[in-house]
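Let me begin by handing over the structure; questions about it come next.
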Amino acid sequence: MFDLIVRRAHLAGKQEIQDIACRAGRIVEVAPSIVGEAAREIDACGYLVTPPFVDSHFHMDATLALLGQSRRNESGTLLEGIALWGDLKPLQTPEGIRERSLQLLNWSIARGVLAIRTHVDICDPQLTAVEVLLEVREQMRPYVDIQLVAFPQDGYLRDPDARVQMARALDMGVDVVGGIPHFERTMAQGAESVQLLCELAVERGLPIDMHCDESDDPLSRHVETLASETIRLGLQGRVTASHLTSMHAMDNYYVSKLLPLMAEAQLNAVCNPLVNMMLQGRHDSYPKRRGLMRVKEMLEAGINVSLGHDDVLDPWYPLGSHDMLEVVHMGVHALHMSGTAEMEALFDAVTYNAAQTMGLDGYGLEPGCHADMVILQAANQIEAIRLRAARLFVIRRGEVIAETPAVKSHVVLDGPGQDIDFTC
Ligand code: FE2
């Protein structure tokens with residue numbers, strides 16, 4: 001007797017339709033036709049079943065901050081976003097942060113996003129957001145895995161209180177050490193902050209995830225320092241470099257030297273195509289650069305790259321509903337990754353690769369993995385991206401936690417009997 005059997009599932013990479021049997025929160029069998037009964041059976045109708053979406057880069061403390069606000073980031077630049085957040089931050093209340101993050105998490109779960117790494121600004125003397133999001137992390141643990149990154153938004157060295165605040169946030173139970181070297185006063189101080197934060201991560205036994213080189217400056221060199229420090233301190237596999245937008249503008253020779261260094265350091269990298277297509281290139285006239293790391297070349301170099309959503313309705317991004325298929329859709333266009341294998345690789349970038357970045361245990365659709373999965377109204381990964389397909393069922397530990405009705409259109413044409421119902 002099983003708790004749940006998902007029947008007639010299409011799994012990426014498998015020719016034959018599969019059944020998935022779950023017991024006690026784990027997948028126990030995956031086979032073309034499983035004999036046995038279950039407390040609940042779901043017919044996937046040959047649609048794609050995937051492990052849950054994973055957002056490896058998000059900012060939950062600022063999310064939905066623009067709801068009900070008349071102010072917007074009118075210039076669309078990173079720097080106006082930081083300035084606007086500086087104005088809004090003192091107005092944040094614990095109740096407001098909790099309400100907005102829980103509202104966002106409802107959207108996330110409905111869209112099959114069951115793991116999120118969120119940065120949380122620690123440059124607030126009260127550490128209000130840290131306290132609230134630590135509680136939200138525990139409250140929502142049955143439904144979604146949340147990791148917090150201590151993010152010194154105003155600069156680890158530039159903000160005179162950031163070092164103390166960072167230590168306090170880590171003492172409170174924040175999971176990951178963050179950083180923002182390109183926002184320090186000089187390139188040298190940026191490098192110094194990378195070194196200090198890497199040493200801090202060693203001392204604390206924690207992973208690192210830094211905002212790094214998030215500019216259009218072709219000479220920004222912080223990821224090089226991060227890779228070098230990672231190797232020096234033996235942190236391979238525990239370090240993530242987020243954004244890396246300056247890589248788009250770098251000289252090709254330099255990138256040919258940088259990518260093998262990043263691979264040697266086993267850095268994870270997170271590209272945020274929705275938000276950085278919006279923020280970068282704003283100081284250019286024409287042609288305007290895309291501010292995205294070189295994902296295609298990085299994957300070829302053996303670097304684990306994931307795609308993140310980054311922001312939803314906040315000072316840096318005025319749109320979004322936390323749909324990782326929207327992120328991939330933008331990535332396909334902006335990264336010039338429209339080949340079949342390339343689109344499939346970008347689907348992996350919001351599932352398996354992102355799970356690796358977060359170090360999630362028991363992730364996947366093999367026997368022994370957590371019984372976490374999403375049934376999409378799509379035949380395969382490419383159709384899922386094309387349609388930003390409906391998430392028919394979202395399953396966590398063998399239980400359905402969200403359902404969305406199948407999308408069906410009804411078209412009325414001229415003449416009797418000409419109406420058509422269809423899915424597309
Ligand atoms: Fe970010």
Side-chain angles (χ1 to χ4, degrees), residues 54-66 73 76-86 88-89 101 104 108 113 115-123 129-130 133 146-156 174-184 190 193-194 197 207-216 220 222-223 226 239-248 267-280 282 291-293 295 305-320 322 324 326-327 330-331 334 349-350 354 357-358:
V54 177
D55 186 0
S56 54
H57 189 104
F58 196 67
H59 293 263
M60 207 177 292
D61 51 352
T63 199
L64 311 192
L66 292 188
N73 179 345
T77 59
L78 174 70
L79 296 180
E80 185 179 335
I82 293 173
L84 176 53
W85 179 234
L88 292 175
K89 197 159 49 174
S101 57
L104 183 280
S108 316
V113 186
I116 302 167
R117 175 178 278 183
T118 176
H119 296 253
V120 52
D121 187 353
I122 51 106
C123 294
V130 172
L133 292 183
I146 298 173
Q147 286 179 0
L148 301 184
V149 184
F151 177 45
Q153 173 78 73
D154 300 334
Y156 188 59
V174 170
D175 308 277
V176 182
V177 175
I180 186 167
H182 54 274
F183 196 67
E184 303 293 352
S193 78
V194 171
L197 287 161
I208 298 167
D209 190 333
M210 276 190 206
H211 282 63
C212 210
D213 301 323
E214 191 180 4
S215 72
D216 295 314
S220 195
H222 298 304
V223 69
L226 183 61
V239 178
T240 301
S242 289
H243 290 287
L244 301 181
T245 57
S246 68
M247 195 189 289
H248 187 91
L267 290 190
N268 303 298
V270 188
C271 174
N272 299 299
L274 282 177
V275 172
N276 287 125
M277 281 300 286
M278 181 75 79
L279 293 176
Q280 307 311 131
R282 292 282 181 162
L292 299 179
M293 65 180 77
V295 173
V305 183
S306 53
L307 303 187
H309 203 301
D310 202 15
D311 300 289
V312 170
L313 288 172
D314 71 7
W316 297 274
Y317 191 61
L319 303 174
H322 214 199
M324 298 310 291
E326 207 173 299
V327 176
M330 174 60 83
V350 294
T357 295
M358 286 185 65

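Numbering of ligands and ligand atoms starts at 1, following listing order.
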For A150, side chain to side chain contact (heavy atoms under 4.5 Å, CB included) partners two or more places apart: I122, M166, A169, L170, V174
Could you tell me if H322 and D55 have a donor-acceptor pair between their side chains, going purely by distance under 3.5 Å? yes
Run the side chain to side chain contact (heavy atoms under 4.5 Å, CB included) check on E214 and I180 step by step: do they pass? CA-CA 9 Å; E214 191 180 4; I180 186 167; 5.9 Å; no
Proximal protein heteroatoms (N, O or S) of the Fe ion (ligand 1), under 2.8 Å: H57 NE2, H59 NE2, H211 NE2, H243 NE2, D310 OD1
Exactly one candidate in H222, H57, H182 meets ring-ring contact (aromatic ring centres under 6.0 Å, His included) with H211; the answer is H57
Going by distance alone, is a donor N or O of one side chain under 3.5 Å from an acceptor N or O of the other, for H243 and D213? no
No-hydrogen, no-angle side-chain donor-acceptor test under 3.5 Å, S242 and D209: yes
